[in-house]
Amino acid sequence: MEKTLKKESSLGLKSYDVLGFSSEEELELEISKLIKIRPEFENNPNLI
């Protein structure tokens with residue numbers, strides 16, 4: 001099975017303004033919100 005790289009499917013090839021953000025910092029802030037550990041998991045390591 002051969003993998004094919006398609007530019008349309010990769011966010012890494014688009015600039016922040018094309019993605020709808022006014023700055024790279026704004027994009028990074030939104031990404032950090034998405035990957036933040038939820039409080040219920042942060043406070044209880046047994047749930048992970």
Side-chain angles (χ1 to χ4, degrees):
M1 179 183 283
E2 184 180 327
K3 286 188 174 184
T4 304
L5 177 63
K6 293 184 179 181
K7 290 183 181 181
E8 305 85 61
S9 64
S10 176
L11 295 177
L13 299 175
K14 302 292 182 187
S15 63
Y16 62 85
D17 56 335
V18 172
L19 296 171
F21 297 97
S22 59
S23 68
E24 188 173 348
E25 290 79 22
E26 183 183 359
L27 172 60
E28 290 176 4
L29 177 63
E30 292 303 316
I31 291 172
S32 69
K33 289 179 186 177
L34 292 171
I35 62 174
K36 184 177 179 186
I37 297 174
R38 293 182 0 204
E40 59 266 28
F41 293 115
E42 190 173 65
N43 297 328
N44 191 349
N46 295 330
L47 291 176
I48 297 177

Asker: Residues in side chain to side chain donor-acceptor pair (under 3.5 Å) with E28, at least two apart?
Answerer: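 Checked E28 against side chain to side chain donor-acceptor pair (under 3.5 Å); zero matches.
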Asker: From the options E25, E30, E24, select the one residue that forms a side-chain contact (heavy atoms from CB on, under 4.5 Å) with Y16.
Answerer: E24
Asker: Could you tell me the separation between the CG atom of L27 and the CZ atom of F21, rounded to the nearest 0.5 Å?
Answerer: 5.0 Å
Asker: What residues, two or more places apart in sequence or in another chain, satisfy side chain to side chain donor-acceptor pair (under 3.5 Å) together with E26?
Answerer: S22
Asker: Which residues satisfy the side chain to side chain donor-acceptor pair (under 3.5 Å) test with K36, sequence neighbours excluded?
Answerer: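 Once residues adjacent in sequence are excluded, K36 has no partner under the side chain to side chain donor-acceptor pair (under 3.5 Å) criterion.
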Asker: So if I apply the side-chain contact (heavy atoms from CB on, under 4.5 Å) rule between K33 and each of I31, L29, I35, which one comes out positive?
Answerer: L29
